[in-house]
S.K.: 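Could you have a look at this structure, given as C-alpha cells, before my questions?
These numbers come from the heavy atoms of this one structure, side chains and all, not from hydrogens, waters or symmetry mates. The chains referred to below are lettered A, B, ... by the order of the sequence lines, with proteins before strands, and numbering in each begins at 1.
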There are 2 protein chains.
Amino acid sequence: MEEAILNILKRNQLSVTGSRQRILELFFGQQGALAHGDIEKRTGEKFDRVTVYRTLQVFLNKGIIHTIPTTDNSIRYALCKDECEEGHHHDNHVHFVCEKCENTVCLDEVTIPEISLPKGYETRQVEVIVSGVCKKCETGKR
Amino acid sequence: MEEAILNILKRNQLSVTGSRQRILELFFGQQGALAHGDIEKRTGEKFDRVTVYRTLQVFLNKGIIHTIPTTDNSIRYALCKDECEEGHHHDNHVHFVCEKCENTVCLDEVTIPEISLPKGYETRQVEVIVSGVCKKCETGKR
DNA sequence: TAATAAGATGCAACTTTGTTGCAAAATATT
DNA sequence: AATATTTTGCAACAAAGTTGCATCTTATTA
C-alpha cells in the first residue's frame with residue numbers, strides 16, 4: 001500500500017512529499033469519500049489548510065481523485081479506481097450517500113443507465129447520486 | 001402569476017412579505033435554477049443577505065423549492081413543480097447543467113430510470129445531473 | 001379599524017471556508 | 001554536493017454562511 005501510494009505519485013510525475021502521501025493514505029484508509037473538512041481535521045496538526053487545498057487541486061487535475069456533487073456545500077472527493085487520464089474522468093459509477101452515517105461511497109459495480117435527453121441537448125457527463133441507508137447501517141442497524 | 005405567487009405563500013401558511021414575493025418572482029422569471037449568489041445580486045439593494053438565506057431556508061422546508069447538487073460549492077435552487085409535501089420532495093426528474101452558459105435547468109419530461117443497488121442498500125432518493133451543452137447553446141451556437 | 005400577537009427583517013458581530021503572494025524549506029536533478 | 005525546481009507555511013485577505021437581538025411588518029381579533 002505504501003507501495004501503491006508511491007506508484008501513484010511517480011506515475012503522475014509528482015514529487016513525493018509528506019502531505020501528498022498522508023492524504024492518499026487517508027483515501028486508502030477508508031473506502032468512502034472525504035470532504036475537505038474531513039481531511040483537514042485528520043491532518044490539521046501536520047499540514048497547513050492551504051496545503052490541503054492545493055494538494056487536492058493537484059490530485060484533481062491529475063485525475064487521481066474525482067469530485068462528488070453534494071447538496072450541502074461540501075464537495076466530496078474520492079479516489080479514481082482506474083487512473084483517469086489527466087483532465088478527463090470516466091467515473092461512470094453511482095455514488096451513494098447514507099442518510100444515517102453520512103458516509104459517501106462509490107458503487108463501482110453499479111453502472112449508470114443510458115439517459116436520453118430531449119432533442120438539442122448534448123450529454124457529456126452523467127452523475128448519479130443515490131441517497132438512502134447503507135449496508136452497514138441497514139444490517140448492523142447501529 | 002402575481003396570483004400564483006400569492007397562492008404559494010398562502011397555501012404554505014407563510015406571511016406575504018416583499019422578499020418572499022420578489023424571490024419567487026425571480027424563480028418564475030426564468031426557468032433555470034438559481035444559486036444563492038444570483039439571488040443576492042438581483043435583490044441585493046432591496047434585501048439583506050441574511051434575509052435571502054432565511055427565505056430560501058423557509059422555502060426549502062416547505063417544499064416550495066428543492067436543491068440541486070453541484071461540484072462547485074454553490075448549491076442551486078429550483079422551484080418544485082408539483083408542490084412537494086413538507087420535508088419530502090419527489091422531484092424525480094433530471095437536472096441538466098450547461099457547460100457553456102452555466103445554466104441549470106430541470107428536465108421534467110425526462111424521468112429517472114430504475115437503478116438497482118447491491119443487496120443491503122436501501123434507496124430513498126435518486127439525483128441525476130447531466131452536464132453537457134444545452135439546447136440554446138447547441139443550436140444557437142451563441 | 002385599532003390594538004395586539006406573531007412573525008420577518010436588518011444590522012452587527014462573528015465563524016468558517018476558500019484564495020493569493022511570497023519567503024523559506026524540501027524534493028528532484030545534474 | 002550543488003543547483004534548479006517544487007512545495008510548503010504564513011500572513012493577509014475575500015467570500016460565504018450563521019446568530020442574537022432590537023425594530024418593523026404582517027396577520028389576527030375584538
S.K.: Is the B/Tyr53 ring parallel, tilted or perpendicular to the B/His36 ring (thresholds 30°, 60°)?
M.R.: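 B/Tyr53 vs B/His36 ring planes: parallel.
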S.K.: In whole Å, I'd like the distance from the CD atom of B/Gln57 to the P atom of C/dA8.
M.R.: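 The answer, rounded to whole Å, is 13 Å.
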S.K.: Rounded to the nearest Å, what distance is computed from the CG atom of residue A/Leu9 to the P atom of nucleotide D/dT7?
M.R.: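 Atom-to-atom, A/Leu9 to D/dT7, this comes out as 11 Å.
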S.K.: Expressed in angstrom and rounded to an integer, what is the separation of A/Arg49 atom CZ from D/dA15 atom C1'?
M.R.: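 The distance from CZ of A/Arg49 to C1' of D/dA15 comes to 12 Å, rounded to the nearest Å.
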S.K.: Could you check B/Tyr53 against A/Thr55 and say which one's nearest nucleotide on DNA chain D is further toward the 5' end?
M.R.: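 In this pair, the answer is A/Thr55.
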S.K.: For B/Ser19, which contact category applies under a 4.0 Å heavy-atom criterion: base, sugar-phosphate, or nothing?
M.R.: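 Sugar-phosphate, no base atom in range.
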S.K.: Rounding to a whole Å, what distance do you find between A/Phe47:CZ and C/dA24:P?
M.R.: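 So the CZ-P distance, A/Phe47 to C/dA24, works out to 22 Å.
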S.K.: Taking the basic N atoms (NZ, or NE/NH1/NH2) and the acidic carboxylate oxygens, is any pair closer than 4.0 Å for B/Glu102 and B/Lys100?
M.R.: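 Looking at B/Lys100 together with B/Glu102, the answer is no, because their closest N to O distance does not fall below 4.0 Å.
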S.K.: Rounded off to whole Å, could you give me the CG-to-C1' distance for the A/Leu56 and D/dT7 pair?
M.R.: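 Rounded to the whole Å, the gap is 15 Å.
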S.K.: Could you give the NZ-to-P distance, from A/Lys46 to C/dA26, as a whole number of Å?
M.R.: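 Roughly 13 Å, once rounded to whole Å.
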S.K.: Sort me out a list of protein N/O and nucleotides 21-30 of chain D N/O pairs below 3.5 Å, or just none if empty.
M.R.:
unit_1	atom_1	unit_2	atom_2	d
D/dA27	OP1	B/Val16	N	2.8

S.K.: Hey, what do you get for CD (B/Glu127) to OG1 (B/Thr67), rounding to the nearest 0.5 Å?
M.R.: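 The distance works out to 6.5 Å.
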S.K.: Determine to 10° how strongly the helix from C/dT1-D/dA30 to C/dT30-D/dA1 is bent, judged from the axes of its five-pair ends.
M.R.: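 The end-segment axes of the helix from C/dT1-D/dA30 to C/dT30-D/dA1 are tilted 40° relative to each other.
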S.K.: Give a yes/no answer on whether the side chain of A/Asn73 brings an N or O atom under 4.0 Å of OP1 or OP2 in D/dG17.
M.R.: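 Answer is yes, contact under 4.0 Å.
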S.K.: When you measure from the side chain of A/Val50, which nucleotide among D/dT8, D/dA11, D/dA16 comes out closest?
M.R.: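 Closest of the options to the side chain of A/Val50: D/dA11.
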S.K.: Output the single nucleotide from C/dG18, D/dG17, D/dC10 whose closest atom is nearest the side chain of A/Asp48.
M.R.: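 Given the options C/dG18, D/dG17, D/dC10, the side chain of A/Asp48 is closest to D/dC10.
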S.K.: Separation of B/His36 atom NE2 from D/dG17 atom P, in whole Å?
M.R.: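 About 6 Å, once rounded to whole Å.
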S.K.: At what distance, to the nearest 0.5 angstrom, does CD1 of B/Ile39 lie from OG1 of B/Thr55?
M.R.: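 Output value for this atom pair is 9.0 Å.
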S.K.: From the list D/dC10, D/dT18, D/dT8, which nucleotide is the closest neighbour of the side chain of A/Arg20?
M.R.: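 Looking only at side-chain atoms, A/Arg20 lies closest to D/dT8.
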S.K.: Look up atom CG in B/Leu9 and atom OG1 in B/Thr17, then write down how far apart they are to the nearest 0.5 Å.
M.R.: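 The CG atom of B/Leu9 sits 7.5 Å away from the OG1 atom of B/Thr17.
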S.K.: Nearest 0.5 angstrom please: B/Tyr77 OH to B/Ile75 CD1, how far?
M.R.: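 That separation rounds to 4.5 Å.
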S.K.: Atom CG in A/Asn103, atom CD in A/Gln30: separation rounded to 0.5 Å?
M.R.: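 Between atom CG of A/Asn103 and atom CD of A/Gln30 there are 6.0 Å.
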S.K.: Would you kindly give the CG-to-P distance between B/Asp72 and C/dT17, to the nearest whole Å?
M.R.: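 These atoms are roughly 17 Å apart.
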S.K.: Hey, is CD on A/Glu114 packed in by over 12 heavy atoms from elsewhere, all under 6.0 Å?
M.R.: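 Counting neighbours around CD of A/Glu114, 12 or fewer heavy atoms of other residues, nucleotides or ligands fall under 6.0 Å, so no.
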S.K.: Say you draw a straight line from NZ of B/Lys46 to OG1 of B/Thr43; how long is it, rounded to the nearest 0.5 Å?
M.R.: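 Reported to 0.5 Å precision, the distance equals 10.0 Å.
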